[in-house]
Amino acid sequence: MTEPLAPQFDPQTIEAPLYQWWTERELYRVSADAPGERYVIQMPPPNVTAVLHAGHGLTYTIQDVLTRFERMRGAKALWLPGTDHAGIATQNVVEKLLAKNGQTRFDLGRDAFVEQVWQFVRETGSTILDQLKALGASCDWSRTYFTLDPALSRAVREVFVRLHEKGLIYRGKYIINWCPRCLTALSNEEVEKEERDGSLWHFKYPIEDGSGFITIATTRPETILGDVAIAVHPTDERYRALIGRNVRVPILDRLIPIVADDVVDATFGTGAVKVTPAHDATDFEIGRRHNLAAIDIMTDDAKISDAAPERFRGLDRFVARKRVVAEFDQLGLLDKIEKHRNAVGRCYRCDTVVEPKLSDQWFVKMAPLAAPALQAYRDGRLTFIPEHQGDNYATWMENIRDWCISRQLWWGHRIPVWYCNQDQAGETRGEKRQTGGCGNIMVSRDTPTQCDKCGGALRQDDDVLDTWFSSWLVTFSSLGWPDKTPDLAAFYPGTTMVTAPEILFFWVARMIMAGIEFMGEIPFSTIYLHGTVRDTQHRKMSKSLGNGIDPVEVINRYGADALRYTVVSGMSVGTDLILDPADLDTSFASGRHFANKLWNIGRFLLGHLESGAAPLASIDPSTLTLADRWILSRAHETIVTATQHNERFRLNEAAGAVYHFLWSDLADWYLEQVKPRLYGTQPGGDTARAVAAHVFDIALRLLHPVMPFVTETLWQRLPNHAPDASISLAAWPVSTEAPTNAGAITDFESVQAIITAVRVLRAEYGVAPGLSVNVTVGDASKLAQRAIDAEGETIRRLAKIESLSLGVSSGPGATKVLDDGTKITVPLGELVDMDKECARLGAEATKLDGLVVAQENKLANEQFVSRAPPAVIEKEREKLVSWRTQAESLREQRRSLGCAD
RNA sequence: GGGCGAAUAACUCAGCCGGUUAGAGUGCCUGCCUUACACGCAGGAUGUCGGGGGUUCGAGUCCCUCUUCGCCCA
């Protein structure tokens with residue numbers, strides 16, 4: 001793996017072979033008995049049919065960074081991958097394929113259809129995993145699971161049976177969210193609410209005795225066909241006298257009562273509402289309280305059913321809505337139509353308007369599971385990042401509702417319930433199910449062959465379980481549960497959960513409940529909810545909007561490292577990541593540029609290390625130059641910063657610190673300083689090589705979690721480690737600041753200040769880059785003198801100085817005053833425009849005078865001096881001294897130039 | 001309707017426990033093909049820190065309020 005570096009950085013040629021090398025050597029495979037403290041991240045399993053999108057790119061990069069960081073710190077780090085069978089999504093994909101041939105799943109039949117889905121999954125299921133590999137994901141692939149694997153399916157059944165035994169699973173008729181296109185129930189979380197402009201229709205219902213009308217308001221007129229009552233608030237004076245009387249539903253000629261119920265909002269509409277128990281959750285509750293019938297007026301595909309008068313039957317719900325309105329209008333009973341904004345629920349998979357529908361479904365009673373999960377948060381055992389997400393979690397837990405877990409799909413874990421009856425497959429959903437046989441219902445871990453009561457034939461429930469009913473178990477089902485495996489002991493509970501906030505309730509909250517219920521322990525202690533990838537209009541990236549970014553394309557163009565760095569550095573805790581899908585070049589510029597820079601730093605440095613480098617420890621400290629001591633100090637500062645930020649999930653700050661160290665400190669300053677020693681035009685080459693190799697090694701390690709490919713490529717070519725070692729298993733750097741380096745930072749900063757001052761003056765007066773200048777340093781502070789003593793040669797070279805002398809300059813020159821009052825003067829002779837120079841110095845002096853006055857007032861303020869901490873006061877005093885000195889120095893320079901006041 | 005978040009340079013964003021002459025990347029301007037890198041080097045310009053009020057010796061940072069935008073829940 002150590003061919004010479006190509007002159008041009010080409011991520012394509014290094015990344016794929018490197019990943020293969022990591023995989024072949026099984027570097028990220030973790031066994032239960034591996035040494036180290038456990039660190040476990042469960043990968044949120046992508047849908048098995050998914051292809052990588054920008055959101056995946058973000059979340060999986062973060063997870064990989066954290067895993068690689070902890071692995072280098074010596075942890076037994078496991079990032080556990082898998083894929084999700086994704087019931088509705090996958091079934092929809094295959095149904096669409098069938099539709100191309102004019103077929104539906106019903107044409108194939110259940111078994112053939114499911115087999116077809118399996119075949120599809122086998123063909124395409126590894127796509128996203130391959131894409132993850134291109135991203136550089138260091139997961140333990142040997143553990144990859146699929147939620148429909150036999151082992152995980154066994155866990156699903158075990159959980160269903162256990163919950164049933166505890167009385168936490170029940171079957172019941174409730175209003176559920178029904179998708180008339182997918183023909184299945186949806187959980188509350190699977191329904192997306194969307195505010196839209198709609199109408200609020202006011203209809204008049206005649207009172208039975210002909211004494212008048214009562215007017216109701218509704219947003220869904222078609223449901224009038226299922227009306228069984230009118231409800232008003234019991235304290236509503238307007239309607240009090242009418243309670244208990246009957247009204248006639250005009251277009252149905254149905255007589256219904258007026259009832260009083262607390263849930264009616266007297267301020268909404270007319271204060272009187274129609275009650276349709278079969279098509280509205282609130283109405284259902286009212287119906288129960290008042291013993292009202294529930295008339296289901298819709299078929300599964302949202303057409304009007306036989307329960308309605310013949311002229312409505314078979315109409316689409318929205319056609320029926322118009323028809324109902326028209327009929328009221330004809331009868332003169334349409335009071336008015338108001339504009340009304342209301343939230344309509346839509347299927348999160350196909351965007352069809354969801355129909356609240358009365359149906360037989362399986363539910364999990366959630367309150368008993370939620371209580372300990374809420375307690376875990378209250379006790380501080382769960383940490384949310386950002387912190388405020390915890391409140392979201394708590395609110396949801398406090399108001400938890402039962403979970404509808406049955407889905408009328410074919411792709412998924414079939415519900416482990418068997419009915420002893422004569423009814424054959426076909427008309428088996430909910431209310432149409434007839435009970436024959438002995439009526440026994442069996443809930444079983446195994447697949448029973450006959451009724452355990454009468455020995456009769458059994459029929460399994462047709463429905464499958466909600467996809468999340470398997471994914472809420474993965475923190476332990478992926479480790480062998482319900483068996484007590486060594487893996488389970490070694491890797492449960494995990495450590496960190498990293499995911500998008502939108503699946504906090506879908507998945508994260510439920511995993512916590514499942515973990516407590518079945519393992520007796522929360523499954524992870526930290527939940528990092530990162531932001532969302534959005535376009536420049538802050539819209540979520542989505543297929544339908546066509547505003548997505550394809551990470552694979554980005555990787556092909558700029559490399560995974562560039563993608564990863566851009567994503568990590570652009571994302572801080574609690575904020576979204578905005579990228580421009582129309583301009584990938586610009587969006588990924590920072591990562592692209594940095595990867596290239598790093599490559600070239602490596603090319604340069606490694607080119608000078610071919611004959612090896614001595615370990616730093618073997619170098620005589622007295623041979624270290626100021627620059628050496630400075631870069632070593634900076635390296636140690638960077639270690640501390642990067643480590644702390646990574647620990648606090650501030651990955652952007654950590655990456656930024658290393659970026660600055662590599663680019664600004666190492667490349668712009670240290671490598672420039674060290675060149676003569678490397679070239680051999682100055683002595684001290686061994687020391688220079690040792691220091692350079694040492695700090696570069698540190699920087700590569702610090703950067704490795706974010707940019708695994710470039711860092712590995714360069715690191716392997718560094719001397720002083722085993723030839724077949726991988727940086728991904730190298731130790732995370734530890735800061736051990738050498739005492740000899742004390743003060744190196746301030747001293748070298750003075751070197752930088754002197755060089756910069758000369759460069760500024762050169763630029764200001766347009767001195768040709770090739771031309772050397774003379775420089776005099778006046779009023780040199782001790783600091784400046786030390787800097788010149790230590791790095792005079794560097795100053796001369798980097799600022800292109802012919803002669804550098806201490807003392808007062810003679811003749812006209814251009815001057816810069818440093819923070820400590822040191823005057824840097826370039827005598828430029830006739831090049832200097834005296835008026836301009838006087839004005840420039842004057843402007844700077846004036847600006848400083850302002851600062852000085854403000855600072856004097858501050859320090860004269862009794863309140864400040866008595867109340868501010870001593871350290872702050874000391875700092876402010878130093879500032880005042882510095883500003884005064886500078887101002888004085890500038891004025892002095894003006895006098896010497898003979899500037900007019 | 002309830003809850004939460006955001007508003008800082010032209011753009012995308014940092015700024016952590018209140019004390020910096022308010023930073024980075026990109027873009028822009030000037031000059032450089034200095035044999036690691038033009039995906040580069042050197043220098044530069046640009047800010048009522050959304051408005052108003054308050055707390056404090058001191059506010060981009062804390063509190064209140066208004067405006068605008070976004071998210072979640074009903």
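Chain A is the first sequence line, chain B the second, and so forth, proteins listed ahead of strands; every chain is numbered from 1.
By the 6.0 Å and 45° rule, A:Arg634 does not stack over the aromatic ring of A:Trp663.
The nearest whole Å value for the distance from the CD atom in A:Glu502 to the C1' atom in B:C71 is 10 Å. With rounding to whole Å, A:Ile503 atom CD1 is found 18 Å from B:C71 atom P. Rounded to whole angstrom, the span from the CZ atom of A:Arg603 across to the P atom of B:G40 amounts to 14 Å. Here B:C37 presents its C1' atom at 13 Å from CG of A:Leu714, a figure rounded to the nearest Å. When rounded to the nearest whole Å, the span between CZ of A:Arg534 and C1' of B:G5 equals 11 Å. We find that CZ of A:Phe696 is positioned 15 Å from P of B:C37, with the value rounded to whole Å. In this structure, A:His388 atom NE2 and B:G2 atom P are separated by 20 Å, rounded to whole Å. Rounded to whole Å, the distance from CG on A:Leu577 to C1' on B:C11 is 14 Å.
Looking at every heavy atom in both residues, A:Lys836 comes nearest to A:Glu764 through NZ-O, 3.4 Å.
Inspection of the A:Thr815 and A:Thr825 side chains reveals an N or O donor paired with an N or O acceptor under 3.5 Å.
Base pairing analysis places B:G47 opposite nothing; no Watson-Crick or G-U wobble pair with both distances below 3.5 Å involves it. Base-pair partner of B:U61: not found among the strands shown (Watson-Crick or G-U wobble, both distances under 3.5 Å). Remark: B:A42 base-pairs with B:U30. Criterion, Watson-Crick or G-U wobble with two distances under 3.5 Å. Across all strands shown, B:U12 forms a Watson-Crick or G-U wobble pair with B:A24, both key distances being under 3.5 Å. Across all strands shown, B:A7 is found opposite B:U67 as a Watson-Crick or G-U wobble partner, with both distances under 3.5 Å. Across all strands shown, B:C73 is found opposite B:G1 as a Watson-Crick or G-U wobble partner, with both distances under 3.5 Å. Within the shown strands, nothing qualifies as a pairing partner of B:U35 under the Watson-Crick or G-U definition with both distances less than 3.5 Å.
One finds no salt bridge joining A:Glu793 and A:Arg797 here, because no Lys/Arg side-chain nitrogen approaches an Asp/Glu carboxylate oxygen to under 4.0 Å. Here A:Glu802 does not pair with A:Arg796 in a salt bridge; the nearest charged N to carboxylate O distance is not below 4.0 Å. With respect to the salt-bridge test (charged N to carboxylate O, under 4.0 angstrom), the residues A:Asp849 and A:Arg891 qualify.
Donor-acceptor pairing under 3.5 Å, judged by distance alone, is absent between the side chain of A:Lys597 and the base of B:C39. Side-chain atoms of A:Gln8 and base atoms of B:A36 include no donor and acceptor less than 3.5 Å apart.
Using P as the reference atom, B:U61 and B:G50 are 8 Å apart when rounded to the nearest Å. Across the C1' atoms, B:U30 and B:A45 are found 11 Å apart, a figure rounded to whole Å. For the C1' atom pair drawn from B:A14 and B:G23, the interatomic distance equals 7 Å after rounding to whole Å. Comparing the P positions of B:G52 and B:G60 gives a spacing of 13 Å, expressed to the nearest Å. The same atom, P, is picked in B:C63 and in B:U26; the two are 35 Å apart, to the nearest Å. On the C1' atoms, B:U8 is 15 Å away from B:U20, given to the nearest whole Å. Separation of the C1' atoms belonging to B:C69 and B:C62 is 23 Å when rounded to the nearest angstrom. Taking atom C1' on both B:C71 and B:A38, the two are 43 Å apart, rounded to the nearest angstrom.
Inter-residue side-chain proximity for A:Leu577 and A:Leu579 is flagged as met; some heavy-atom pair is nearer than 4.5 Å. Between A:His530 and A:Thr59, some side-chain heavy-atom pair lies under the 4.5 Å cut-off.
Taking side-chain N and O atoms only, A:Tyr679 has a distance below 4.0 Å to OP1 or OP2 of B:A36. When the side-chain nitrogen and oxygen atoms of A:Ser572 are compared with OP1 and OP2 of B:C13, none of them lie within a distance under 4.0 Å. In terms of phosphate contacts, A:Thr532 brings no side-chain nitrogen or oxygen within less than 4.0 Å of OP1 or OP2 of B:C71. Put simply, A:Arg592 has no side-chain N or O that comes within less than 4.0 Å of OP1 or OP2 on B:G40.
Each of A:Gln886, A:Glu878, A:Lys879 was evaluated against A:Ser882; a single residue qualifies, A:Gln886, per the side-chain hydrogen bond (donor to acceptor under 3.5 Å, both in side chains) test.
Remark on RNA chain B: of its neighbouring residues A:Ile601 and A:Ala595, the 5'-side contact belongs to A:Ile601, judged by nearest-heavy-atom nucleotide. Positionally, the nearest nucleotide of RNA chain B for A:Pro7 lies more toward the 5' end than for the other of A:Pro7 and A:Glu764.
For A:Asp668, the side-chain atoms get nearest to B:A42 when compared with the rest of B:A42, B:C13, B:A36. Of all nucleotides listed (B:A36, B:C37, B:G44), B:A36 comes nearest to the side chain of A:Ala667. Relative to the side chain of A:Arg401, the nucleotides B:G5, B:A74, B:G43 differ in distance, and B:A74 lies closest.
Using a 30° and 60° split on the angle between ring planes, A:Trp468 and A:Phe506 fall in the parallel class, below 30°.
Residue contacts shown for A:Thr756 are limited to sugar-phosphate atoms, with no base heavy atom under 4.0 Å away. Among the atoms of the strands shown, base atoms are found under 4.0 Å from some heavy atom of A:Glu672. Here A:Thr575 lies in heavy-atom contact (under 4.0 Å) with sugar-phosphate atoms only.
In B:C17 the base sits syn relative to the sugar, since the glycosidic angle is no further than 90° from 0.
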Checklist line | A:Asp402/A:Tyr174 under side-chain hydrogen bond (donor to acceptor under 3.5 Å, both in side chains): CA gap, chis, key distance, verdict | finding: CA-CA 11 Å; A:Asp402 286 353; A:Tyr174 284 94; over 6 Å; no
Checklist line | Heavy-atom protein contacts under 4.0 Å, nucleotides 16-29 of chain B, coded B base, S sugar-phosphate only, - none | finding: B--BSB---SS---
